[in-house]
Amino acid sequence: MSLGWWRLVYAAFAGFLLFHGFSTSENAPNYSFMHNATSAPFLSYYDYIVVGGGTAGCPLAATLSHRANVLLLERGGSPYGDPNITKLVNFGASLSDLSPWSPSQRFISTDGVINSRACVLGGGSCLNAGFYTRASPEYIRQAGWDGRLVNQSYEWVEKLVAFEPHLGHWQSAVRNGLLEVGVVPFNGFTFDHINGTKVGGTIFDEQGNRHTAADLLEYANPRGLTVLLYATVQKILFRFRGRRSRPEAYGVIFRDGSGIEHRAYLKYGFKNEIIISAGALGSPQLLMLSGVGPVAHLRSHNIPVVLDQPLVGQGMCDNPMNAVFVPSPIPVEVSLIEVVGITHFGSYIEAASGETFSASVTTTSRNYGMFSPKIGQLSTVPPKQRTPEAIARAVEYLDNLDQAALQGGFILEKIMGPISTGHLELQTRNPDDNPSVTFNYFQHPLDLQRCVQGIQTIGKIVESESFSKFRYDYMSWPGLVNMTEHSPINLLPRHYNSSIPLETFCRDTVMTIWHYHGGCQVSRVVDPDYKVLGVEALRVIDGSTFNYSPGTNPQATVMMLGRYMGVKILRERLGN
């Protein structure tokens with residue numbers, strides 16, 4: 001048989017392994033390849049070094065492990081065995097945990113909105129509200145992705161972590177209300193992004209157990225992967241091979257939980273690479289700490305300049321969320337995001353109920369979920385007066401209310417895009433410290449217009465016949481808006497009056513839904529193959545590369561992207 005025939009057989013077999021994996025894969029949480037970084041050698045060599053074991057990093061590393069030797073470095077710990085992560089009824093508990101070992105790290109944007117970033121294997125998929133939905137076909141076309149491989153990669157993810165929710169009465173009423181007010185057609189249960197109303201996927205199973213990107217490590221080849229927990233990368237190492245050559249990444253310095261320094265280098269091989277998957281805050285932050293960023297900013301922090309790249313940290317976006325609390329005269333089920341109305345004007349309508357005001361399984365205190373001062377959703381003080389004491393006063397106020405006063409749920413809207421953008425800058429040279437982030441919520445008038453239209457649509461849903469049994473007859477829509485406007489949500493200064501313009505309501509009650517992105521965008525910081533422009537052997541693969549947030553929730557597409565790019569990189573490596 002000819003050499004060409006054997007090459008075809010080899011390529012076909014390699015492709016089969018990429019999509020079906022090895023029979024030696026392991027089940028979560030019993031990964032033999034997962035270790036505390038304190039056990040790592042001081043010096044090691046790998047084909048690929050992936051920085052960040054989050055929503056993109058886990059599927060990426062799992063895929064690469066089938067044809068290469070991969071090191072995955074995660075600055076946080078394991079999500080397994082922590083009911084505040086794994087149980088739906090405990091949603092919000094991790095976000096409110098401010099301890100040094102918390103899986104979330106709080107930050108406050110300069111806009112005055114409190115936010116969180118993940119610090120745990122599995123990343124944001126361990127903290128979010130669980131909604132799973134794909135990007136639109138138009139988004140995929142604009143990204144220049146291979147549609148066939150995109151679909152295969154989504155399906156690879158969905159086999160392990162995506163489920164169909166069972167709708168209770170509250171979510172059903174929201175669905176029917178959306179249809180009644182004209183957010184049509186009804187598209188049933190689907191992962192696809194389609195205009196109208198649909199039931200989307202969830203990463204919570206029927207028992208209320210969360211499944212995260214860390215579960216995708218079940219696909220890994222255990223012999224090809226090393227996962228180190230509590231491994232904080234200090235910087236990427238670069239070298240120059242000639243006087244006029246471009247900088248080349250060749251290793252990383254990381255510290256373990258005891259503060260001991262380790263070094264990991266790439267093995268010899270021109271296709272070996274370092275891949276940053278540290279998220280929309282962590283990836284631009286690490287590039288800057290490593291000397292790739294705006295030259296004046298780097299020098300102001302005494303960071304040696306490797307490459308002047310003024311667009312690192314630019315284009316930061318966070319999709320603003322606004323919500324209205326609807327008290328219910330009857331009990332409501334515990335639910336997170338399950339139904340979405342995808343409007344023609346660029347606003348997504350969703351809802352959550354019950355869990356917001358339940359008692360935590362692991363504590364005796366109430367857990368106020370997505371709309372809680374415990375996770376920083378506070379609006380009673382202006383930005384420069386944000387204090388832990390202000391949050392404590394808001395929590396005390398809610399804790400003293402009768403349980404019946406908190407029975408109900410929220411209907412929220414999140415705008416697509418957004419168009420408004422901001423920037424990220426270093427505050428210190430310590431990778432454990434948060435950078436300074438500005439999102440410029442509603443800076444663009446179209447973003448504000450979409451919010452107003454979304455709130456107006458929520459008003460129609462609340463007043464619809466479909467939703468009638470979940471509202472008090474004596475409570476008017478303006479009264480609900482005013483009540484929500486006076487509740488503790490964020491840190492922005494407030495406007496107190498009986499009748500407020502919806503534009504003011506949007507600005508005053510803006511919250512995060514944790515969909516921030518940008519900072520290392522395609523065609524600005526990385527090329528269409530996610531290679532860092534002007535640098536050799538370095539890529540960024542995560543949500544920091546997005547210009548717009550995909551679909552109604554980005555996590556499905558971030559996980560898909562990790563798998564998608566893992567397959568593409570291995571095809572490059574194998575020469576097919």
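Index from 1, following the sequence.
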For this session: Quick one: sort the Trp145 and Tyr564 rings into parallel, tilted or perpendicular, breaks at 30° and 60°.
Result: tilted

For this session: Over 60° means perpendicular and under 30° means parallel, so classify the ring planes of Tyr31 and Phe33, tilted if in between.
Result: parallel

Please confirm whether the backbone N or O of [Y] pairs with a side-chain atom of [X], one donor and one acceptor, at under 3.5 Å?
X      : Y      : answer
Ser102 : Asp97  : yes
Ser436 : Leu426 : no
Glu572 : Lys271 : no
His301 : Ile303 : no
Asn319 : Ile415 : yes
Ser153 : Arg563 : no
Gln234 : Pro431 : no
Ser104 : Ser94  : yes
Ser258 : Ile260 : no
Asn84  : Ala93  : no

Working to the nearest 0.5 angstrom, can you tell me the gap between [X] [atom1] and [Y] [atom2]?
X      : Y      : atom1 : atom2 : value
Arg571 : Leu149 : CZ    : CG    : 5.0 Å
Cys119 : Asp432 : SG    : CG    : 8.0 Å
Met416 : His193 : CE    : NE2   : 7.0 Å
Arg539 : Ser277 : CZ    : OG    : 11.0 Å
Asp447 : Cys317 : CG    : SG    : 8.5 Å
Met565 : Ile275 : CE    : CD1   : 7.5 Å

Can you check whether [X] reaches [Y] side chain to side chain, under 4.5 Å on heavy atoms?
X      : Y      : value
Leu225 : Leu217 : yes
Met321 : His515 : no
Tyr230 : Thr38  : no
Ile194 : Ile342 : no
Tyr516 : Asn115 : yes
Asn272 : Tyr250 : no
Arg429 : Asn302 : yes
Thr212 : Val161 : no

Looking only at heavy atoms, what is the nearest atom pair of [X] and [Y], with distance?
X      : Y      : answer
Gln309 : Val525 : NE2-CA, 4.0 Å
Asn440 : Asp111 : N-OD1, 2.9 Å
Leu160 : Tyr219 : CD1-CE1, 3.4 Å
Phe546 : Thr557 : CZ-CG2, 4.3 Å
Arg450 : Gly346 : CD-O, 3.6 Å
Cys58  : Gly53  : SG-O, 3.4 Å

Problem set entry | Lys/Arg-Asp/Glu bridge criterion (N-O < 4.0 Å) met for Asp47, Arg573 | yes

Exercise. Between Phe131 and Tyr348, is the ring centre distance below 6.0 Å?
Worked result: no

Exercise. Is the His211 to Phe163 ring centre distance short of 6.0 Å?
Worked result: yes

Exercise. Phe204 and Phe91: ring-ring contact (aromatic ring centres under 6.0 Å, His included), yes or no, with the steps?
Worked result: CA-CA 11 Å; Phe204 290 100; Phe91 175 81; 7.7 Å; no

For this session: Evaluate side-chain contact (heavy atoms from CB on, under 4.5 Å) for His423 paired with Gln314, printing each intermediate quantity in order.
Result: CA-CA 5 Å; His423 61 277; Gln314 298 299 307; 3.7 Å; yes

Problem set entry | Heavy atoms of other groups near Tyr548 OH, more than 12 under 6.0 Å | no

Problem set entry | Worked check of side-chain contact (heavy atoms from CB on, under 4.5 Å) between Arg263 and Leu237 | CA-CA 10 Å; Arg263 292 185 178 229; Leu237 299 173; 3.8 Å; yes

Seminar exercise, completed: Exactly one candidate in Leu60, Ile276, Asp529 meets side chain to side chain contact (heavy atoms under 4.5 Å, CB included) with Ile541; the answer is Leu60

For this session: Assess the side chains of Arg255 and Thr232: does a donor N or O sit below 3.5 Å from an acceptor N or O?
Result: no

Exercise. Taking it one step at a time, do Val535 and Phe238 satisfy side-chain contact (heavy atoms from CB on, under 4.5 Å)?
Worked result: CA-CA 9 Å; Val535 177; Phe238 295 96; 3.5 Å; yes

Problem set entry | Verdict with supporting geometry, Asn151 and Arg134, side-chain contact (heavy atoms from CB on, under 4.5 Å) | CA-CA 9 Å; Asn151 287 335; Arg134 297 183 178 189; 3.4 Å; yes

Could you list the donor-acceptor pairs under 3.5 angstrom formed by side chains in residues 279-290, with sequence neighbours left out?
{"unit_1": "Ser283", "atom_1": "OG", "unit_2": "Ala278", "atom_2": "N", "d": "3.0"}
{"unit_1": "Ser283", "atom_1": "OG", "unit_2": "Gly279", "atom_2": "N", "d": "3.4"}
{"unit_1": "Ser283", "atom_1": "OG", "unit_2": "Gly279", "atom_2": "O", "d": "3.3"}
{"unit_1": "Ser283", "atom_1": "OG", "unit_2": "Asp542", "atom_2": "OD2", "d": "2.5"}
{"unit_1": "Gln285", "atom_1": "OE1", "unit_2": "Arg117", "atom_2": "NH2", "d": "3.4"}
{"unit_1": "Gln285", "atom_1": "NE2", "unit_2": "Asp433", "atom_2": "O", "d": "2.7"}
{"unit_1": "Ser290", "atom_1": "OG", "unit_2": "Ile236", "atom_2": "N", "d": "2.8"}
{"unit_1": "Ser290", "atom_1": "OG", "unit_2": "Leu286", "atom_2": "O", "d": "2.8"}

